[in-house]
Amino acid sequence: MIHGVERADREQWLNPIALLIAGVLWGSTYVVVKSSLEAVSPSVLMLVRFGIATIALLPITLWSGLPKNSAAWAVTGRGGLELGFWMALGYVAHTIALQYTTAGRSAFITALYVVLVPLLTGVAGQRLFPKVWWAAAIAALGVALLSYDGAPPNIGDLWSVGTAITWSFYIWRMEAYAARAQVLWLSLIQLGITALAAALWVWGSSWAISSAIWNAQTIPWLDLVYLGTFATAGTAWLQAIGQRSVAAPVAAILYTLEPVWAALMAAAWLGEQLGDRGRVGAALVLGACLLCQLPVRSLGRQLGRAITSVWHRP
């Protein structure tokens with residue numbers, strides 16, 4: 001019993017740290033992908049990244065064992081194929097976007113998926129609270145300010161919006177499979193589908209004609225190994241660990257920090273800076289994401305009680 005309490009206490013602070021580390025790793029991908037695109041094409045970058053991620057996750061998945069029955073296999077396989085489709089589209093859009101726009105700008109625009117997911121579920125028939133519409137309007141204003149921050153909107157901004165839309169469908173459909181599928185096999189199938197899509201992209205693009213693109217000296221192997229292992233396979237593992245005990249509102253705050261990490265790293269490593277309009281736009285997007293995710297009424301009541309208790313304390 002004592003060991004169980006100690007374990008629970010340890011998870012109480014270790015699991016939020018796991019999610020925080022995952023958010024930092026996700027934020028770093030914008031910088032690493034942006035710098036890697038100076039050496040390789042988007043298609044080759046995706047192929048190497050997801051090939052490495054698939055190989056990295058394979059032994060852990062095999063060690064976890066097979067799904068227990070044919071029904072679990074069917075759900076896992078069907079979910080892996082559908083979610084792999086959305087994952088592939090999302091990462092294609094994400095990688096292309098970073099060819100044309102800055103890492104920080106793309107990260108904040110992509111964070112729109114936090115607002116778009118509730119809108120998508122509303123279209124599917126779930127009740128939408130007024131705060132969702134307010135969040136959507138605030139986020140749209142934030143993206144507009146970001147897109148006019150020192151430079152006019154570009155094709156990369158549009159691809160970033162496409163990334164946000166695609167991730168919204170991915171997260172929405174994930175809810176239909178996650179509870180019934182074997183999680184590691186579900187993740188492995190998705191990574192394999194994305195790697196296959198990248199291979200088809202390489203084969204069908206003009207880059208495939210050039211043998212120089214496969215020269216080992218031109219490929220930033222350290223960057224791509226980092227992306228494939230830590231930032232792709234590793235974050236999937238950290239997310240699975242972290243959300244075992246972390247409440248959804250706390251997890252939402254930690255996830256919403258992802259573009260903040262991306263902007264900080266872009267400033268440190270790439271020298272990117274947001275202007276005044278960009279900083280206001282980024283703050284609006286972050287505020288919209290938090291407004292959309294957090295239980296505002298509950299938080300308001302708790303805050304009110306806390307202020308009242310302090311005010312009336314003898």
Side-chain angles (χ1 to χ4, degrees), residues 23 26-27 29-31 33-34 86 89-90 93-94 96-124 126-172 248-267 270 272-300 303:
W26 283 327
T29 61
Y30 290 88
V31 175
V33 169
K34 180 73 175 177
W86 292 114
L89 283 183
H94 165 72
I96 294 176
L98 289 170
Q99 279 191 299
Y100 303 103
T101 192
T102 63
R105 193 154 138 175
S106 178
F108 280 107
I109 294 175
T110 302
L112 280 174
Y113 70 80
V114 178
V115 177
L116 293 176
V117 169
L119 290 175
L120 191 58
T121 58
V123 172
Q126 293 186 19
R127 180 188 173 190
L128 282 181
F129 293 99
K131 69 173 184 177
V132 174
W133 298 110
W134 281 106
I138 293 169
L141 177 60
V143 169
L145 290 172
L146 276 165
S147 298
Y148 282 95
D149 180 44
N154 57 62
I155 191 65
D157 297 339
L158 186 60
W159 278 105
S160 296
V161 172
T163 306
I165 294 172
T166 307
W167 283 133
S168 300
F169 278 95
Y170 175 85
I171 295 169
W172 175 51
V250 178
I253 294 174
L254 296 174
Y255 290 154
T256 305
L257 289 174
E258 177 189 339
V260 177
W261 300 123
L264 291 174
M265 293 179 193
L270 302 178
E272 296 180 2
Q273 297 292 337
L274 290 174
D276 292 337
R277 278 180 293 188
R279 284 190 286 269
V280 173
L284 288 174
V285 170
L286 283 175
C289 293
L290 291 173
L291 174 63
C292 200
Q293 289 294 310
L294 296 180
V296 176
R297 288 185 179 179
S298 176
L299 289 177
L303 182 60

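The first residue of the sequence shown is numbered 1, and numbering continues consecutively from there.
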Report the distance from atom [atom1] of [X] to atom [atom2] of [Y], rounding to the nearest 0.5 Å.
{"X": "Phe108", "Y": "Leu274", "atom1": "CZ", "atom2": "CG", "result": "6.0 Å"}
{"X": "Thr166", "Y": "Trp159", "atom1": "OG1", "atom2": "CH2", "result": "9.0 Å"}
{"X": "Leu89", "Y": "Ile165", "atom1": "CG", "atom2": "CD1", "result": "11.5 Å"}
{"X": "Thr102", "Y": "Ile109", "atom1": "OG1", "atom2": "CD1", "result": "8.0 Å"}
{"X": "Tyr30", "Y": "Glu272", "atom1": "OH", "atom2": "CD", "result": "12.5 Å"}

Are Asn154 and Asp157 side-chain neighbours, meaning at least one heavy-atom pair lies under 4.5 Å? yes
Quick one: list whatever passes side chain to side chain donor-acceptor pair (under 3.5 Å) with Arg279, sequence neighbours left out. Asp276
With Trp26, which residues qualify under side chain to side chain donor-acceptor pair (under 3.5 Å), at least two apart? Thr235
Would you call the rings of Trp86 and Phe169 parallel, tilted or perpendicular if under 30° counts as parallel and over 60° as perpendicular? parallel
Where is the tightest heavy-atom contact between [X] and [Y], given as atom of each residue plus distance?
{"X": "Leu120", "Y": "Ser168", "value": "CD2-O, 3.7 Å"}
{"X": "Ala111", "Y": "Val285", "value": "CB-CG1, 4.2 Å"}
{"X": "Leu270", "Y": "Ala103", "value": "CD1-CB, 4.3 Å"}
{"X": "Leu112", "Y": "Ala164", "value": "CB-CB, 3.9 Å"}
{"X": "Ala107", "Y": "Ala262", "value": "CB-CB, 3.5 Å"}
{"X": "Gly281", "Y": "Leu145", "value": "CA-CB, 3.8 Å"}

Polar side-chain atom of Thr101 near backbone of Gly156 as donor-acceptor pair, under 3.5 Å: no
